[in-house]
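These notes concern the structure reproduced below.
Convention: sequence-line order gives letters A, B, ...; per-chain numbering from 1.
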2 protein chains.
Amino acid sequence: MPEDNKLLYYINKWTSISEADEAKILSAFEPISIKKRKDLLVSGQVCNYLYFITTGCLRSSYIDSKGAEHVYQIRMDNNWIGDIDSYFTRQNSKYTIEALEDSNLLRISVDRLEQLFVEIPNLERYFRILFQKAYINALNRLSATMWETAIDRYNEMLKEHPEIFQRVPLVHIASYLGITPESLSRIRRQV
Amino acid sequence: MPEDNKLLYYINKWTSISEADEAKILSAFEPISIKKRKDLLVSGQVCNYLYFITTGCLRSSYIDSKGAEHVYQIRMDNNWIGDIDSYFTRQNSKYTIEALEDSNLLRISVDRLEQLFVEIPNLERYFRILFQKAYINALNRLSATMWETAIDRYNEMLKEHPEIFQRVPLVHIASYLGITPESLSRIRRQV
DNA sequence: TCAAACACTTGACCTATGGTAAGAAATAAA
DNA sequence: TTTATTTCTTACCATAGGTCAAGTGTTTGA
């Protein structure tokens, strides 16, 4: 499958888009590249784009009131990243999104996306399903965080997303799991 | 505002529906009542309906692998409740939804809802926005659970949803906050 | 190529919250 | 009104995970 068709492939997994509309969608996205350790979004700015990761790996994090940094999301190939709250409301974001690897992305502005929603109802359907699934995942992660041990969460992540352990430093994985790197280190020794 | 128009009022807050379509939507929902302490959904069943709460209060909970019950959601007037994962996938739900007060609901089946999505794209838009917001909320709750103290979460909830404390037993609130009723009790004494 | 920065581990100690058990207060039922 | 049930609090001890501090490899970049 050609690089720039991955996006359409994933959209068509959940709804059907005509060839004419496919072209319209592709032309609305702008391909960009970002180098490892560079920021895609800096806390305090408005998130002007929503990004589809064609290749690479990024993390989204924020600084809490005590100055501690927490990793919110780690996203790799064929996933979306951005702060959708800031993106749709035009409020400043509290998140910083940093590339953990050199990455290639497709980006789209809100105006362009909302225009597409009107022109192509099935694209809005795709996003309805996307957010629906994201919501379900967030609730599952929430219940694991609230009511399972760090060991269980670690094992679950190892089973579900083994690639992440090959590509992402453990500090970020620990933070994503809601524990310190020290605790993660102890868990890994135990297992 | 008449009881049965609240649903349309909330939908029209985020998108615009024609009068003809409003009638179509209303006729697709079936009003039902449920008594306090009765179950709307029992764990192990498929969630056949999505519910809009016109008046009342319900909680959604699940039993973990160690047999402990955890409260997932507490929802009151003018909110949606149901297990959307089970609802859309037709898999058995792990959740039980119980009425905490005598409640009046409007329910709709998936078939009917998906039919409406095709007929009324703006209704699907409403759900896109609904899930988008639900996702953002779930992430905020996740970060509070992971990185804030139980005291902060309690104060936040007291500030944002004081009504809940008037209407819901503290056991359920404690569970929703991810702590034991004993801990909640200690926090309340402290504050 | 060599210093600086990063990534990971280990140990000693601390703290927020959990578990258990029991009793008081409030609410519902008879 | 009396009894039963639910709701909430308190006390004591246990523990998962955090904090601080130090140390070893491993990248990175000038």
How long is the line joining [atom1] of [X] and [atom2] of [N], in whole Å?
{"X": "Leu170(B)", "N": "dT9(D)", "atom1": "CG", "atom2": "C1'", "answer": "10 Å"}
{"X": "Gln190(A)", "N": "dG17(D)", "atom1": "CD", "atom2": "C1'", "answer": "12 Å"}
{"X": "Arg189(B)", "N": "dA11(D)", "atom1": "CZ", "atom2": "P", "answer": "6 Å"}
{"X": "Met146(A)", "N": "dA16(C)", "atom1": "CE", "atom2": "C1'", "answer": "16 Å"}
{"X": "Arg37(A)", "N": "dA4(C)", "atom1": "CZ", "atom2": "C1'", "answer": "13 Å"}
{"X": "Trp147(B)", "N": "dG17(D)", "atom1": "CH2", "atom2": "C1'", "answer": "15 Å"}
{"X": "Gln166(B)", "N": "dT27(C)", "atom1": "CD", "atom2": "P", "answer": "12 Å"}
{"X": "Leu184(A)", "N": "dT19(D)", "atom1": "CG", "atom2": "P", "answer": "15 Å"}

Study note, to complete from the structure: From the candidates dT17(C), dC8(D), dG18(D), the one with an atom nearest any side-chain atom of Pro169(B) is dC8(D)
Check your understanding: Can you check ring pair (Phe, Tyr, Trp, His ring centres under 6.0 Å) on Tyr87(A) and Tyr51(A), steps first, answer last?
Key -> CA-CA 11 Å; Tyr87(A) 182 72; Tyr51(A) 303 87; 8.6 Å; no
Practice item. Just call it for Arg186(A): base, sugar-phosphate, or nothing, with non-hydrogen atoms closer than 4.0 Å on any strand. Key: base
Exercise for review: Using a heavy-atom cut-off of under 4.0 Å over every strand shown, decide if Thr180(B) touches base, sugar-phosphate, or nothing.
Suggested key: sugar-phosphate
Revision key, fill the gap. So side-chain hydrogen bond (donor to acceptor under 3.5 Å, both in side chains) across residues 137-146 of chain B, not counting sequence neighbours, yields none
Exercise for review: Mind running ring pair (Phe, Tyr, Trp, His ring centres under 6.0 Å) on Phe131(A) and Trp80(A) for me, showing each step along the way?
Suggested key: CA-CA 11 Å; Phe131(A) 290 139; Trp80(A) 294 91; 9.0 Å; no
Check your understanding: Do Glu182(A) and dC20(D) share a donor-acceptor pair, side chain to base, under 3.5 Å?
Key -> yes
Check your understanding: Name the one of Arg37(A), Lys38(A), Lys35(A), Arg167(A) that satisfies salt bridge (charged side-chain N to carboxylate O under 4.0 Å, His left out) with Asp102(A)?
Key -> Lys35(A)
Exercise for review: Establish, with yes or no, whether the OP1 or OP2 oxygen of dT9(D) is under 4.0 angstrom from a side-chain nitrogen or oxygen of Ser185(B).
Suggested key: yes
Review point. Is any side-chain nitrogen or oxygen of Arg188(B) closer than 4.0 Å to OP1 or OP2 of dT10(D)?
Key: no
Review point. Would you say the side-chain atoms of Arg128(B) and Gln132(B) include a donor-acceptor pair closer than 3.5 Å?
Key: yes
